[in-house]
Amino acid sequence: MSNINNPGNVTLRPPPLAMYIHIPWCSKKCPYCDFNSHESPRKIPEKEYVDALIADIKNDLHLAQGRKLSSLFFGGGTPSLFTGSSISTVIKCAEKLIGFTDDVEITLEANPESVNLQKFQDFCKAGVNRISIGIQTFNDQQLNLLGRLHSSYSATKAIEIARSAGFNRINIDLMHGLKEQNVSNALKDLQFAISSEVEHISWYQLTIEKNTKFFNDPPKLPDCRLISEIQDHGCQLLARYGYEQYEISSFAKQRKRCTHNQNYWEFGDYIGIGAGAHGKITLNHEQTLLRTFRTRQPNDYLKHKNRGEKKSIVVEVPQRPLEFMMNVLRLKNGVPLKYFPERTGLQESYISKIVTNLKKEGLLVDTETQLLTTSLGFRFLDTILDRFVRSHGES
Ligand SMILES: C[S@@+](CC[C@H](N)C(=O)[O-])C[C@H]1O[C@@H](n2cnc3c(N)ncnc32)[C@H](O)[C@@H]1O
Ligand code: SF4
C-alpha cells in the first residue's frame with residue numbers, strides 16, 4: 001500500500017515490541033569492556049535508580065502504540081547487584097503500564113560473584129524466567145587475566161544454583177580468542193559449558209575496544225588463522241552436542257533461542273530504558289523509524305531533567321537497507337523477504353538489483369521468499385553489507 005509521507009512508498013508495520021532496561025554498575029570494571037558500565041560507588045543508589053526507571057517507562061508509554069512486550073531484558077553492567085524486590089517493582093510497572101504477551105521472556109544478566117540461591121529464587125519469584133550468567137571462561141588463569149572477580153568453581157556453582165532456584169532457561173556468556181589460547185583449551189572451555197547442560201551459550205570472540213585498559217596495553221591474542229580454527233572446531237563441537245548456531249555468536253539447545261536478541265536481529269522494535277540505553281521504534285502515524293538514546297552517565301540520568309530530555313534521531317530512507325541487513329543477515333536462517341518492506345517501509349525493488357548480484361556471486365541463497373546468506377556469505381558478511389552501504393536505491 002502506498003503512503004505519501006513515506007518516500008519508500010510502502011506502509012511501515014510496527015513489528016513485535018521488546019524492552020531493554022540498563023543497570024549501569026559493576027563491582028569492578030573489566031579491562032576489555034567498553035559497555036556503559038561503571039564501578040559501583042560504596043552504596044548504589046538503587047531505590048533512586050528504580051524510581052528513575054519507572055519515570056522513564058512512563059515517559060515512553062506512547063511508543064508501545066497498543067503493543068504488548070514480548071520480551072523484557074535487564075542488561076548491564078551487572079543487574080544481579082540489584083535485589084529481587086527492585087527487579088520485581090520494575091517488572092510489575094512494565095506489566096501494568098504496557099502489558100506482556102502470554103509467552104513473554106524476562107531475562108536478567110547475572111555475574112557469578114554477585115548471586116546466591118536466595119537471590120536467584122527472588123529473581124524467579126519476581127517473574128524473571130531466563131538467566132544469563134557472564135562466565136567468560138572456566139579457566140582460572142584466564143579469568144585472572146580478564147580481571148574477573150569469580151573463579152571457575154563459583155561459575156559452575158552459579159549455574160547449579162540458578163538451576164535449583166527453578167530456571168529452565170539458562171544462558172552463559174563465554175569468550176574465545178583469549179591470550180595465548182589454543183584450539184585445545186578453547187574447546188575445553190566449551191566442554192565445560194556443554195557438561196553444565198545450559199540451554200543457551202553465547203560464544204563471543206574477544207575484541208579489543210577503544211577506551212579500555214586492553215586497548216592501551218593489549219594482551220597478545222591468537223592470530224586470525226588460529227581464531228578461525230578455534231571457531232570451526234568450536235561450532236562443530238557445539239553442533240555435536242545439540243547446540244544449534246542460529247546467529248554468529250549464539251547457540252541454543254531445543255530451540256530455546258533468546259527471544260530478545262532474536263527480535264533485535266529481526267529488526268523488531270525495542271524501548272530502551274535506563275542510563276545509556278538505546279531504543280528503536282517504528283512510529284505508525286508518522287510512518288517513521290526512530291532511534292532513541294538516553295544520557296549515559298548514571299548520575300546525569302538520575303537527575304530527572306536530563307533523563308527526560310531523551311534524544312532521538314530518524315533513520316532516514318538511505319540508511320534503512322544497511323541497518324536492516326546488518327541485523328537480519330546475522331541470523332543463520334535469515335528472515336522472510338516480506339520483512340524488508342514491512343520493517344523498512346521500502347519496496348523490495350529498492351534492493352533487488354543488489355540482492356540479485358549477491359545471489360549470482362553465491363553469497364545469498366537463491367530463494368524468492370527468504371533473505372539469507374549461503375555458508376560462504378555467512379563467513380563474509382562484511383562484503384555483503386558493504387554493498388548496502390552504497391545501495392541508496394539505485395536499482
Ligand atoms: C556487557 S556484559 C554484561 C554481563 C555481565 N556484566 C558480565 O560481564 O558477566 C555482556 C557480555 O558481553 C561480552 N563482552 C563484553 N566485552 C567484550 C569484548 N570486548 N569482546 C567480546 N565480548 C565482550 C561478555 O561475554 C559479557 O558477558
Ligand atoms: S564485562 Fe560485565 S562485569 Fe565486566 S565491566 Fe563489562 S558489564 Fe561489568
Side-chain angles (χ1 to χ4, degrees), residues 20-41 44 73-82 87 107-115 119-120 123 128 130-139 142-152 154-159 162 170-179 181 186 189-190 192-193 196 198 200-222 224 227 230-231 234 247-251 258 260-261 264 272 274-278 296-298 330:
Y20 174 80
I21 297 188
H22 193 71
I23 308 292
W25 292 286
C26 296
S27 304
K28 184 176 168 233
K29 182 80 183 173
C30 302
Y32 54 87
C33 175
D34 79 333
F35 283 78
N36 186 33
S37 57
H38 306 262
E39 227 154 89
S40 59
I44 293 178
F73 192 103
F74 291 90
T78 307
S80 54
L81 290 174
F82 275 30
I87 298 299
T107 305
L108 182 131
E109 286 185 335
N111 283 28
E113 72 281 358
S114 65
V115 284
K119 212 161 199 190
F120 272 140
F123 292 144
V128 175
R130 183 172 183 274
I131 279 286
S132 173
I133 308 173
I135 286 178
Q136 321 312 342
T137 165
F138 290 95
N139 178 314
Q142 291 285 11
L143 282 170
N144 204 23
L145 290 170
L146 291 171
R148 298 292 297 201
L149 293 172
H150 65 271
S151 62
S152 100
S154 53
T156 315
K157 205 78 206 149
I159 300 172
I170 301 177
N171 168 61
I172 61 175
D173 285 345
L174 292 180
M175 293 196 297
H176 63 279
L178 307 178
K179 187 176 176 187
Q181 195 173 46
D189 249 354
L190 286 180
F192 249 95
S196 71
V198 290
H200 195 286
I201 298 174
S202 301
W203 193 44
Y204 302 114
Q205 180 189 340
L206 172 67
T207 52
I208 303 295
E209 307 288 344
K210 277 188 189 152
N211 303 318
T212 62
K213 281 196 184 147
F214 274 8
F215 187 77
N216 297 323
D217 184 13
K220 185 164 171 11
L221 302 185
C224 300
I227 298 261
I230 290 175
Q231 289 173 344
E247 186 267 346
I248 297 170
S249 313
S250 308
F251 301 80
C258 173
H260 190 82
N261 289 341
Y264 290 152
H278 26 107
R296 277 173 68 88
Q297 287 297 326
R330 294 180 67 101

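Every number for a ligand or one of its atoms is a count from 1 in the order of the listing.
Counting protein heavy atoms only, atom 3 (S) of ligand 2 is closest to Asn111 ND2, 3.2 Å. When hydrogens are left out, the protein atom nearest atom 2 (Fe) of ligand 2 is Arg148 NH1, 4.0 Å; that is the closest non-hydrogen contact. Nearest protein neighbour of atom 19 (N) of ligand 1, counting heavy atoms only, is Thr207 O, 2.9 Å. Atom 15 (C) of ligand 1 has Phe35 CE1, 3.4 Å as its closest protein atom, hydrogens excluded (heavy atom only). Among all non-hydrogen protein atoms, the one lying nearest atom 3 (C) of ligand 1 is Glu109 OE1, 3.2 Å. For atom 24 (C) of ligand 1, the nearest protein heavy atom (residue, atom name, distance) is Gln136 OE1, 3.3 Å. The protein heavy-atom contact nearest to atom 17 (C) of ligand 1 is Tyr32 CD1, 3.7 Å.
Short contacts between ligand 1 and Asp173, defined as distances under 4.0 Å to a heavy atom of the residue, involve ligand atoms 10 (C), 11 (C), 25 (O), 26 (C), 27 (O). Numbered from 1 in the order shown, with element, the atoms of ligand 1 that lie under 4.0 Å from a heavy atom of Gly76 read 1 (C), 3 (C). Close approach of ligand 1 to Leu206 is summarised as follows: ligand atoms under 4.0 Å from at least one heavy atom of the residue are 20 (N), 21 (C). Shown in contact with Arg148 at under 4.0 Å from a heavy atom are these atoms of ligand 1, numbered in order with element: 7 (C), 8 (O), 9 (O).
His176 pairs with exactly one of Gln181, Gln231, Gln136 by the side-chain hydrogen bond (donor to acceptor under 3.5 Å, both in side chains) rule, that one being Gln231.
Any N or O atom pair closer than 3.5 Å counts here, and Met175 shares no such pair with ligand 1. Inclusion of Glu209 in the set of residues having an N or O under 3.5 Å from an N or O of ligand 1 is not warranted.
Thr212 contributes a side-chain N or O that, together with a main-chain N or O of Glu209, makes up a donor-acceptor pair within less than 3.5 Å. Judged purely by atom type and a 3.5 angstrom limit, His150 uses its side chain to pair as donor or acceptor with the backbone of Ile135. In terms of modelled atom types and a separation under 3.5 Å, the side chain of Ser114 and the main chain of Ala110 share no donor-acceptor contact. Side-chain N or O atoms of Asn211 include none that pairs as donor or acceptor with a backbone N or O of Asp34 at under 3.5 Å.
At least one heavy atom of Gly77 sits closer than 4.0 Å to an atom of ligand 1.
Protein atoms of type N, O or S found under 2.8 Å from atom 6 (Fe) of ligand 2 total 1.
Residues satisfying the side chain to side chain contact (heavy atoms under 4.5 Å, CB included) criterion with Cys33, sequence neighbours excluded, are Lys29, Cys30, Phe35, Ser37. A search for side chain to side chain contact (heavy atoms under 4.5 Å, CB included) contacts involving Glu109 returns Phe73, Pro79, Ser132, not counting sequence neighbours. When the side chain to side chain contact (heavy atoms under 4.5 Å, CB included) test is applied to Asn139, the partners found at least two apart in sequence or on another chain are Thr137, Gln141, Gln142.
Contacts between Asn111 and ligand 1 below 4.0 angstrom, taking non-hydrogen atoms only, involve the side chain exclusively.
Note: Phe82 and Trp25 have parallel aromatic rings, judged against thresholds of 30 and 60 degrees for the angle between ring planes.
No side-chain heavy atom of Thr78 sits under 4.5 Å from any side-chain heavy atom of Ile23. Contact annotation: the side chain of Leu174 approaches that of Ile201 to within less than 4.5 Å [non-hydrogen atoms, C-beta and beyond]. The side-chain heavy atoms of Arg330 and Tyr264, taken from C-beta on, include no pair separated by under 4.5 Å.
Residues Val198 and Ala193 approach most closely at CG2-O, 4.0 Å, considering heavy atoms.
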